[in-house]
Visitor: 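Encoded as structure tokens, here's the structure I'll be asking about.
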Amino acid sequence: MIIETVKDKLRGLFPTAAKPAVAEHEAEKPEAAEAEIGVFDCNYAKRGYHLDVRLSPEQLLTAVGILFDHGFFIESITGVDWIKDGQLEATYDFCRYDFDLCRIVVRTRTPRANPILPTITGIYSGASWHERETHDFFGIVFEGHPHLIPLLLPEDADFHPLLKDFKA
Amino acid sequence: MPLLTLYDQLTVYLVIAALLFGMGVYGLITRRTLIGMLIAAELLLAGASINFMAFNRFTAPDPALGQIFTLFIMAIAAAEAAIGLSIVVAFYRHLKSIETADAAHLKG
Amino acid sequence: MSLTLINVLAAVIIAIAFVAANAAYLVWAERKGAGFIQRRPGPTENGPWGLLQPPVDGIKLMTKQLLIPGGVDKIIFVIAPVLAMFPSIVSFVTIPFSDTIVAHNINIGLLMIFVFGSMSAMAILMGGWSSRNKYSMISSVRAVSQAVAYEIPMLITAITVVMIAGSLDLMEIVHKQSGGFWHWNIWPFQKGLFNILMPASFLIFFICSLAETNRAPFDLGEAESELVAGYHTEYSSMGFGLFFMGEYANIVIGACLTTILFLGGWDCPFGLFPGVWWFIVKIYILIFTFIWIRWTFPRTTIYSLLNLSWKVLIPISLFNLLLTAGLLKVF
Amino acid sequence: MFRYFNDIFSGLWSLFIGLGITFQEFFKPKITIHYPHQSIKMTARYRGHIELIPGEEGQPLCVVCGMCEKACPSNCISIGGEKPEGSKKKVLTSYRLDFTTCSLCGSCVDSCNFGAIRFSKEYNLASTRKEDFHFDLLKRLEESKQ
Amino acid sequence: MGTENIPASLIHFASADKLINLGRANSLWPLTFGIACCAIEMMATGCARFDLARFGAEVFRPSPRQSDVMIVAGTVNKKMAPGIKTLYDQMPEPKWVIALGNCAISGGPFVFEGQYNIIEGADKFLPVDIYIPGCPPRPEALIEGIIELEYKITGWRRWPKVVAE
Amino acid sequence: MSEPIVLQPDETFILNVGPQHPATHGVLRVKMTMDGEYIYNAETVIGYIHRMHEKMAENRTYPQYLPNLSRLDYLSAMAYCHGYVLAVEKAAAVEVPERAEYIRAITVEMNRISSHLVWFGAFVMDLGGFSPLMYAFDDREQILDLLEAVTGSRLTYCYFRFGGLYNDVDDDFIEGTRRFVKRMRKSLKMYHKLVTTNVILMKRLMGIGPVSAEMCQRYGATGPVARGSGINYDVRRNEPYSVYPEFDFDIPVYNEGDSYARYKVRMEEMEQSLRIIEQGLDKLPDGPINPEKKPKTIKLPPGDYYTAVEAGRGSFGIRIVSNGDKSPYRLKLRSPTYSNMHLFDEACRGMLIADALAFMGSLDLVIPEMDR
Amino acid sequence: MMKTLFSADGLVGLLFLFNLIVTVVGGIVACNAERLVRAVIGLVVCFVGVAGIYFFLNSPFIAMMHILIYIGAVAVAISFAIMLAAPEEKMRTGPTSPLSGPIGLISTLLLISGLVSLALKTEWTSVTKINDGSVKTIGIQLLTNHSMVFELISIVLLLAILGALVIARGGREE
């Protein structure tokens with residue numbers, strides 16, 4: 001099963017995790033747990049994905065590299081503005097083409113004041129537009145992106161409409 | 001009215017041929033680009049052809065000699081245009097220029 | 001000499017009227033035909049069967065503002081549509097509609113039509129270049145390379161027919177085919193000349209006249225979905241109208257020429273009506289085929305077009321030329 | 001050599017087949033509806049703009065509960081009602097629909113528990129002024145009564 | 001808008017003017033220009049079932065230079081508006097604008113508190129002649145709009161008014 | 001046909017295709033750097049119809065957001081609504097009666113056919129053939145008539161509700177659909193004769209716009225674009241939802257990766273959809289179409305939820321992040337064309353402009369869905 | 001004068017004058033226009049005039065061939081080359097040095113005056129026999145008396161095609 005393989009591989013990213021990196025994780029968990037780092041199993045029937053990978057930004061490229069090697073394709077990149085925590089979350093969705101179904105969500109958080117994340121365009125060229133869009137909407141700067149200009153908003157737009165404190 | 005019967009006089013044709021020829025020469029001298037010179041050369045050839053045609057019409061005993069020569073000139077002109085233009089294009093690809101001054105250093 | 005010139009002038013005036021009326025109503029026929037092929041009625045509301053549509057369009061086009069966009073080469077921009085219309089009008093002068101109905105028959109009529117046909121390429125080039133629009137530019141380059149590529153097989157097939165008739169005179173060519181249906185040049189068995197490639201020749205000529213007139217599937221010059229409106233993108237009002245009418249006038253000429261060269265001109269297969277009616281029936285059948293083809297096929301691309309011309313049409317037409325020459329020598 | 005001719009002939013053949021098909025279409029009946037002369041009847045569920053359903057005496061059935069106003073995603077309904085002296089129920093005084101922002105989703109009709117509104121069958125609106133589409137449904141109801 | 005600012009209307013003879021207007025009204029060539037959902041209904045109107053060709057209006061010209069009427073079919077946003085304005089400016093006089101669908105009339109369902117990207121109606125920057133509401137309008141409504149535009153140009157309505165029951 | 005051409009970057013000029021251009025089907029701009037008629041580089045500029053769908057979600061309750069979904073991709077609106085209602089139903093644990101599920105599947109498939117028909121017509125029109133558009137729209141009108149009779153609108157159906165449907169289908173619909181399936185089979189045969197086997201079309205599409213499977217993976221292409229490149233991926237099969245496991249249908253896959261493969265995938269998909277519709281009509285159970293007790297207000301438990309469905313153009317994903325409120329905290333729409341179009345920049349390099357536009361047509365773009 | 005002007009002959013004479021003007025104006029544009037494309041248009045106009053002159057010289061066949069070859073082929077090819085080769089800023093051409101214009105003009109005028117005076121001074125012996133411009137005569141002559149010309153034309157054209165191909169392709173390859 002691809003889930004097991006990928007889980008093992010990804011677990012390697014968290015060698016010094018104090019808590020067990022792979023934990024049963026259900027929707028009912030309190031919101032404070034959202035900030036944890038690790039690889040979590042998810043209830044597919046309810047959540048719609050199998051693995052929930054929470055990383056720090058430095059681990060992102062390695063993890064995405066592992067997913068690329070296992071034949072995952074990129075579905076989307078998006079952000080969520082956790083204004084209460086003062087953090088922006090970038091969410092990467094990956095899925096596979098074959099019948100060995102595995103949907104993986106990779107998330108990473110970055111401080112709201114200075115949101116910088118590494119780009120994954122070097123691995124998935126298709127991430128380019130998704131990252132530009134996330135930059136448009138949330139102002140997350142993807143370091144190393146070759147062409148980080150507004151995509152959906154007008155060329156001269158300097159606002160980030162999907163931030164929770166945005167006012168038109 | 002002599003002005004309206006000009007078409008029946010040999011000298012008129014010779015004069016217009018001379019004019020065209022002169023324009024061709026002028027173009028060849030003043031033009032700076034290969035294509036411009038090519039255009040001037042076409043004028044030159046047209047002047048010459050008119051001469052042939054006019055002499056054929058008014059003085060030559062042969063019914064078609066001048067016309068055949070004109071046809072020959074046309075073929076030459078077409079060939080010249082083909083070769084000349086291909087040179088222009090090749091030249092441009094080399095030097096990004098169609099000016100004759102740049103053609104002096106032939107090595108590109 | 002002098003009388004000829006006056007005749008020609010008079011004929012040109014008649015031809016202008018004829019061409020304009022014909023072109024306008026061909027547009028109507030095209031729209032109507034397209035409608036019928038697509039299970040809809042086409043123009044119906046303006047006049048009976050929409051017959052008033054062409055004049056209405058004409059009024060609109062003429063009263064529309066003539067825009068000359070900034071940055072265009074004004075002189076050339078204005079001359080080009082006129083130059084597109086003019087050669088087709090002049091070509092009409094020499095086309096014989098029957099034994100008697102011909103504006104002015106000259107003994108090199110076929111050559112003359114080709115001469116003026118080649119001028120329309122120049123008009124397209126001028127129009128496209130002067131517009132200062134990249135789409136127009138690409139389109140005019142396309143249209144001209146297409147026209148040049150198709151003139152060759154067209155001329156070669158025409159020469160084949162000229163060899164059979166032994167004359168460049170259009171009247172003479174028709175006379176050679178007289179004597180009923182089976183004597184037309186399209187059939188392989190006529191007057192001791194068993195050239196089985198004649199139908200192919202006809203097809204080649206027909207394809208070439210489609211391409212010459214920039215009609216679908218060879219309408220690369222004004223490929224709507226690629227180059228907006230091609231070489232007349234920047235033309236508004238009557239400038240566009242002239243290009244438009246020039247195209248339809250060219251269609252009529254193409255149909256006339258095909259009829260004369262291959263379908264026996266005004267020669268009647270059964271002899272029911274006078275010849276000129278047969279001529280008109282024939283050219284309108286051909287024009288209908290033009291329309292029919294346009295609304296059936298997708299457009300080709302420039303390379304498959306050039307491939308077709310250089311790899312298929314030119315070899316076959318050359319072979320046919322050689323074959324015909326040989327057969328003429330033998331029989 | 002064989003392929004060369006085969007390509008030519010199969011290509012030509014496919015073209016002739018295509019021509020044949022369009023030629024058949026030429027004689028098929030036209031399917032056009034000549035709109036201003038003929039028109040099709042809208043189906044029972046056709047969603048035009050909403051209108052008030054008249055009660056038995058022609059009065060609106062609306063009780064001014066405001067559910068439709070709340071349900072509307074694009075705030076195109078604004079209703080006003082007042083409580084006349086001595087009656088328990090509110091009476092509708094104005095029912096305004098800004099049709100130009102409506103998305104015809106049907107949330108208002110869904111949300112109405114009193115069956116007071118329905119979709120009209122008006123399908124061919126066009127005007128030179130956009131104010132024509134700010135409907136006063138109550139007024140329309142009264143007009144339709146006459 | 002239409003007829004007043006036409007430079008070509010130098011002919012002041014009433015009958016000639018009428019004829020010209022009649023010509024203009026019955027040969028409205030739209031610009032091939034669809035933005036969103038309503039564009040599909042516009043295509044459907046041009047197609048066999050409804051056939052805009054009956055009114056001589058099926059000649060969808062891809063170039064603004066050759067078209068008479070611009071059908072704004074869909075939401076206009078701030079990025080697109082300058083482009084539409086350019087297209088409108090490129091059209092030769094006389095020219096008309098039809099706002100097809102609620103989005104083009106007023107922003108439609110996309111207007112909400114705090115919206116940042118759309119323009120609330122094409123009439124904010126274009127002189128719109130005809131408004132056709134609906135989301136999207138039925139093809140009949142577009143035909144009705146064309147008829148209404150003809151009425152606006154010529155001053156008389158040639159076709160009966162269809163009342164929906 | 002397309003031999004490698006050595007492009008010389010210093011002779012290029014910029015050609016702006018769009019925002020208004022007949023081939024872009026809407027408002028999309030491709031900045032092409034051209035060398036003659038060859039494309040040296042292309043940069044797609046989108047956002048000309050960005051309509052803030054994701055922002056709107058944060059301002060609206062779950063039911064109020066329903067009409068937005070059908071404006072997202074107006075051609076296969078049903079599938080998008082389906083994705084949204086599935087996502088909410090899954091998260092809020094709403095039961096859906098079986099009849100409703102069947103009707104949903106039938107209408108979604110009909111909508112898929114109508115979407116493909118529009119694509120077919122517009123694509124052939126891009127290639128210069130006009131009549132197929134008319135025939136395709138004629139067939140499409142039949143579908144629209146059927147769907148209009150059920151849902152009340154022609155294009156932007158707002159038909160699905162959480163837990164069920166807006167209203168039930170009647171016998172007329174079932175009869176009409178059966179008639180339509182028969183008619184459509186005939187029409188498809190006609191299309192194949194008129195268009196698919198046409199030599200001009202084959203010459204224009206074969207070998208044009210090759211997209212490899214590896215490229216699909218890098219860009220996340222789904223739907224017919226991926227299936228034309230030999231990837232057997234269809235959400236209806238890989239990740240079955242609704243009642244699709246009950247149906248017997250094939251996923252057409254072609255390995256060539258060119259425009260013609262994508263063309264054939266879509267044409268065959270129409271046939272498969274017809275099969276699904278037939279089976280759905282046969283199996284359509286009786287019963288209610290709405291659950292017995294409809295939840296009054298919909299609130300999702302906190303957390304995030306992802307649902308994917310197979311829309312007309314590929315896998316449509318919807319991610320809802322909820323904080324337990326009446327409206328979503330964040331709603332992300334993963335639209336298939338967004339990824340599919342992104343391919344274009346890389347794939348069209350070195351192509352002729354005519355081929356590039358044919359390739360663009362074969363991607364089946366709906367711009368509002370891309371820009372959201 | 002009025003009488004002749006409105007007779008058929010007069011009209012022909014007028015047409016001839018018009019023709020001459022067209023030729024000269026076209027020629028002047030062709031050798032003087034600042035933009036190369038204008039020069040090509042001038043060349044086309046000039047050649048239409050030249051074809052007219054051939055027509056007046058009683059050889060319509062040559063006139064037709066002239067238009068066919070020069071306008072249909074040569075002018076189109078030149079405009080093609082301009083579009084292919086000359087970028088926008090190079091479309092304008094001027095004299096090489098400030099002196100070349102006047103010098104060219106003077107030498108040209110000298111040349112023209114010399115040629116014209118030669119033409120005017122010489123007594124041309126006229127033959128009564130008029131030339132024959134029909135296709136038939138030209139064809140027969142080309143294939144009998146002057147077959148060498150025919151052969152030469154074909155060889156020249158063949159070489160030109162081959163040469164043009166070699167040169168143009170050679171530029172592309174590297």
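Everything numeric in this text was worked out from a predicted model, so none of it was measured. Here is how names work: the chains are called A, B, and so on, in the same order as the sequence lines, proteins then strands, and each is numbered from 1.
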Visitor: Non-hydrogen atoms of chain D under 4.5 Å away: do they reach the side chain of E:Pro137, the backbone, both or neither?
Guide: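 The answer is neither part of E:Pro137.
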Visitor: If you count heavy-atom pairs under 4.5 Å between each of E:Asp123, E:Val111, E:Leu100, E:Ile147 and chain D, which one has the most?
Guide: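 Of the candidates given, the most pairs with chain D belong to E:Asp123.
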Visitor: D:Arg129 versus chain E, heavy atoms under 4.5 Å apart: side chain, backbone, both or neither?
Guide: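 Backbone of D:Arg129 only, per the 4.5 Å heavy-atom cut-off to chain E.
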Visitor: Would you please go through residues 34-45 of chain E and name the residues with a non-hydrogen atom below 4.5 Å from one of chain D, in numerical order?
Guide: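 Answer by number: none.
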Visitor: What do you reckon, is NZ of E:Lys124 surrounded by more than 12 foreign heavy atoms closer than 6.0 Å?
Guide: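 More than 12 heavy atoms, drawn from other residues, nucleotides or ligands, come within 6.0 Å of this atom.
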Visitor: For chain E, which candidate among D:Asp132, D:Leu125, D:Asn75 shows the most heavy-atom pairs at distances under 4.5 Å?
Guide: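 Answer, by heavy-atom pair count under 4.5 Å with chain E: D:Leu125.
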Visitor: Under a 4.5 Å heavy-atom cut-off, does chain D meet the side chain of E:Glu140, its backbone, both or neither?
Guide: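 Interface part for E:Glu140: both.
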Visitor: Between E:Ser106, E:Cys47, E:Gly134, who has the most heavy-atom pairs with chain D when the cutoff is under 4.5 Å?
Guide: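 Of the candidates given, the most pairs with chain D belong to E:Ser106.
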Visitor: Which heavy atom of E:Pro109 sits nearest to which heavy atom of D:Ser74, and what is that distance?
Guide: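 For E:Pro109 versus D:Ser74, the nearest heavy atoms are CA-CB, 4.0 Å.
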Visitor: Out of D:Gly48, D:Cys105, D:Cys102, return the one with the most heavy atom pairs under 4.5 angstrom to chain E.
Guide: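 Winner by heavy-atom pair count: D:Cys102.
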Visitor: Around atom CZ of E:Phe112, are there more than 12 heavy atoms from other residues, nucleotides or ligands closer than 6.0 Å?
Guide: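 Buried by this count: over 12 neighbours within 6.0 Å.
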Visitor: Within this structure, what is the OG1-CD1 distance for the pair D:Thr100 and E:Ile132, rounded to the nearest 0.5 Å?
Guide: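 Going from the OG1 atom of D:Thr100 to the CD1 atom of E:Ile132 covers 14.0 Å.
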Visitor: Write down the atom of E:Ile130, the atom of D:Ala126, and the distance for their closest heavy-atom approach.
Guide: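 The answer is CG2-CB, 4.5 Å.
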Visitor: Checking E:Arg54 against chain D: side chain, backbone, both or neither under 4.5 Å from a heavy atom?
Guide: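 Contact with chain D: side chain only.
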Visitor: Is it the side chain or the backbone of E:Leu142 that comes within 4.5 Å of chain D heavy atoms, both, or neither?
Guide: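 Interface part for E:Leu142: neither.
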Visitor: Quick one: does E:Asn102's side chain have a donor or acceptor within less than 3.5 Å of a partner on D:Phe99's backbone?
Guide: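 Yes, because the side chain of E:Asn102 sits within donor-acceptor range (under 3.5 Å) of the backbone of D:Phe99.
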Visitor: Around D:Lys83, counting heavy atoms of other residues, nucleotides and ligands shown, do more than 12 lie under 6.0 Å from its NZ?
Guide: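 Open.
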Visitor: What residues of residues 25-39 of chain D sit under 4.5 Å from chain E when only non-hydrogen atoms are counted?
Guide: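 Result: D:Ile31, D:Thr32, D:Ile33, D:His34, D:Tyr35, D:Pro36, D:His37, D:Ser39.
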Visitor: Look up atom OG1 in D:Thr128 and atom CG in E:Asp129, then write down how far apart they are to the nearest 0.5 Å.
Guide: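 Separation between the atoms: 9.0 Å.
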Visitor: Looking at E:Pro136, E:Ala48, E:Gly145, E:Ala99, which has the largest count of heavy-atom pairs under 4.5 Å with chain D?
Guide: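 With the most close heavy-atom pairs to chain D, the winner is E:Ala48.
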Visitor: Given side chains that start at C-beta, do those of D:Asn124 and E:Arg138 come closer than 4.5 Å, heavy atoms only?
Guide: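 A side-chain contact is absent here, since even the closest heavy-atom pair is not under 4.5 Å.
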